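Notes to accompany the following structure.
Note on naming: letters A, B, ... go to the chains in the order of the sequence lines (proteins, then strands), and numbering restarts at 1 for each one. Keep in mind the model is a prediction, meaning the values are calculated, not measured.
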Amino acid sequence: MASSSELTLHLVLPNGATRDVPAGTLARDVVLSIGPGLLKAAIAVAIDGEVQDLMTPIRTSGAFVVLKASDPRSLDVLRHSGAHILATAVRRLRPDAKIGFGPAIEDGFYYDFEVEKPFTPEDLEAFEAEMAKVVAEALPFVRDEISKDEGMKRFADDPLKLERLAELGADEVISTYTDGPFVDLCRGPHVPDTSHLKNFKLLSTAGAYWRGDERRQMLQRIYATAFWKKEELEAHIHRLSEARRRDHRVVGKQLDLFMFHPYAPGAAFWTERGTLLYNALVDYVRELQRVDYQEIKTPLLYNKGLWETSGHWGKYRENMFLVLDNETSEHDFSLKPMNCPSHYLLYSAKKHSYRELPLRYATFDVLHRNEVSGALSGLTRVRQFAQDDCHIFLMPSQIRDEVERLTKFILGYYGAFGLKARLKFATRPETRIGTDDLWDGAERSLREALDATGLPYEMKPGDGAFYGPKIDFDVTDSIGRHWQLGTIQLDYNAPDRFDLNYTGEDNADHRPVVIHRAVSGSFERFIAILIEHFAGAFPVWLSPEQVRVLPIAHDFADTARAVTAAMRAAGIRAHLDDRNDTLNYRIREAETMKTPYMAVIGQREAESGTLAVRERGQGKKQEVVSVEAFIARVQEEIRTRALPPVTEE
RNA sequence: GCUGACGUAGCUCAAUUGGCAGAGCACCUGAUUUGUAAUCAGGAGGUCGCGAGUUCGAUUCUCGCCGUCAGCUCCA
């Protein structure tokens, strides 16, 4: 903010030219002074990187950049204006609607309204049509700077705006933007007029609590998106439909992998095909952990005493499935929502030497968390799941090496699926336990370990767990979506609560540190991500069915049966399809089920001991190879867990 | 949990202004013996999510419940 004594502002254009203008000059006048043609193309300006619109008085000196539609930063401006245009249309058709907030968001914008009757899809169509009219009217966005008292008067009928207005400080500039009949309390920035919103689409409507607070009233939110170019809007809509096509709930049904039943909401039933996929993943993790980890199994159901010790009974009970004893409550039990407490019990059951550390307890036990019904969503948010969970007991001096090794482990695992991850380093939160010394040491160890990997990471100050700092792994899938999967968390709290010890070199008891580590997050959610990442076309090693053997006619069924048996004996998941249908029909079905290989056997192949191999997604292109060569090839692909070639869709 | 939408055959979806519930695919049977993405014919398959209510009559209208889906801090 410029000081009031600064009457002349100094603006530097990208080409080095300068403009000295009186404070309060409108940005549009500066742009006009550069060139009238530029003003036509200008959407907004950035002064020292801060985006403001052409109608706003300039208050600071700095680098002055004119933003045209081609500048990515102008898209947020367009979308924010889109929100106003949406509100303009809604107010025309539903004058009773009270306005909430209407910001630009990552993929578009929304606006929240308080209305008696919720919006219907028909309403949405009407709003969209009305928006088109507002756009056609090319209404200029007019900025006014007003006093708080004036604002109170102007928004007397909009209680939500009044609430926001009341929070604004005395020294803040309060501005309104008007387009046609619609006035909104808004700090901007906006496009010059409504005609800029040429390519937009209303997407959905849903309830949203006022200010995200479930104790406040529920507003009706309309989601929409907008782009500068028609092709961009179409591409975005295409991306949305692509995501829907890959939706693991849809693909999972098509490929017959899992199902849900109303009698077990939030808990998946895995079909025989889905179970093969699930187990292939578990087997992979087991193989990776064979040398350095100790796999254990612990009970699923525990007396509440355990949860009182762990603190879950107080803080996490709402999310736990309880089995209550109505008479004495002495036998109150709960299904475990996490593995850690039971691992501590097993650890404590005997004495441990420092020579055993780091001791890595790994498990695939089933966990239950009672998520609220509205939170459930396919496999990505379930009530029953299994993690590739691990608790590592170690000495503080071992943290650095261990974290470095875990980080490589996790990234290597993702790499096997062609997934890339970004690392986030979350440090001490406001409310925490443990001394600052302890935190200093923990954060330093984590940081050193991270630096040692040479990988870039993002800092998330204050985002750590209350018991220790952590590293989170944020994975990007093939259609650009982000998933928070793995985590490495240092824990100094649990060892105290559970009185964990190891015997040191000095023959005295010492406190170990615990590291919580998960890689996939949960297998359920990870499979959902894999389904969408591969669009169901899994690598051979994960495919429930790896080869489908197709005899062309009855006469070759015996040969085909023998070939199938040979493949199965070689550890390949092969199936014979000798049904009484045309070859075309059976190929179509195998393709639909995303089977990686089809092995066709006709007269020529039967006579020469070969197969006509058709590869998934490769169409008519076929390759004739000997049965032995094909088996060797598939075995090799399974052994190396080869990824399918990346195909553009 | 809250707001809204939805729930019809295994799947995808029609229809009924309240009056015997329909298609395609899948499934079964038969014919066809097929050379790289749907051969032909026939058959079977439904407590219209569950439970109440209104009505001569409810899949349809009302209420309750269950489930599914979208969303519920990206700041005027």
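- Looking at heavy-atom distances under 4.0 Å, A:Arg579 makes contact with sugar-phosphate atoms alone, never a base.
- Across the protein-nucleic acid pair, A:Leu550 atom CG and B:U34 atom P stand 16 Å apart, rounded to whole Å.
- Counting any heavy atom pair closer than 4.0 Å across all strands shown, A:Phe155 reaches no nucleic acid atom.
- With contacts defined as side-chain heavy-atom distances shorter than 4.5 Å, the pair A:Leu26/A:Met55 does not qualify.
- The side chain of A:Leu376 approaches B:U68 more closely than any other nucleotide in the set B:A70, B:U68, B:C72.
- Under the 4.0 Å criterion applied to side-chain N and carboxylate O atoms, A:Glu623 and A:Arg633 are assigned as salt-bridge partners.
- Under 3.5 Å, the side chain of A:Glu371 and the base of B:G1 form no donor-acceptor pair of N or O atoms.
- Contacts of A:Gly212 with the nucleic acid, taken as non-hydrogen atoms under 4.0 Å apart, involve only primed sugar atoms and P, OP1 or OP2.
- Residue A:Phe119 is classed as having no contact, given no heavy-atom separation below 4.0 Å to the nucleic acid.
- Side-chain atoms of A:Arg586 stay outside donor-acceptor range of the base of B:A38, with no qualifying N/O pair under 3.5 Å.
- Heavy atoms of A:Lys253 sit under 4.0 angstrom from primed sugar atoms or phosphate atoms, though from no base atom.
- Of the charged side-chain nitrogens involved, at least one lies within less than 4.0 Å of a carboxylate oxygen, so that A:Arg548 and A:Glu589 count as a salt-bridged pair.
- Within the nucleic acid shown, A:Ala590 has no heavy atom closer than 4.0 Å to any nucleic acid atom.
- Heavy atoms of A:Arg221 sit under 4.0 angstrom from primed sugar atoms or phosphate atoms, though from no base atom.
- Among the protein residues, A:Gln220 comes within range of the sugar-phosphate backbone only, with heavy atoms under 4.0 Å from sugar or phosphate atoms but none that close to a base.
- In summary, the aromatic rings of A:Phe113 and A:Phe119 are positioned with their centroids under 6.0 Å apart.
- Looking at A:Tyr209, its side chain comes within 3.5 Å of the base of B:G1 through a donor and an acceptor atom.
- Across all strands, A:Gly378 comes closer than 4.0 Å only to sugar-phosphate atoms, never to a base (heavy-atom distances).
- We find that A:Glu172 and A:Lys148 are not joined by a salt bridge, their nearest charged nitrogen and carboxylate oxygen being 4.0 Å or further apart.
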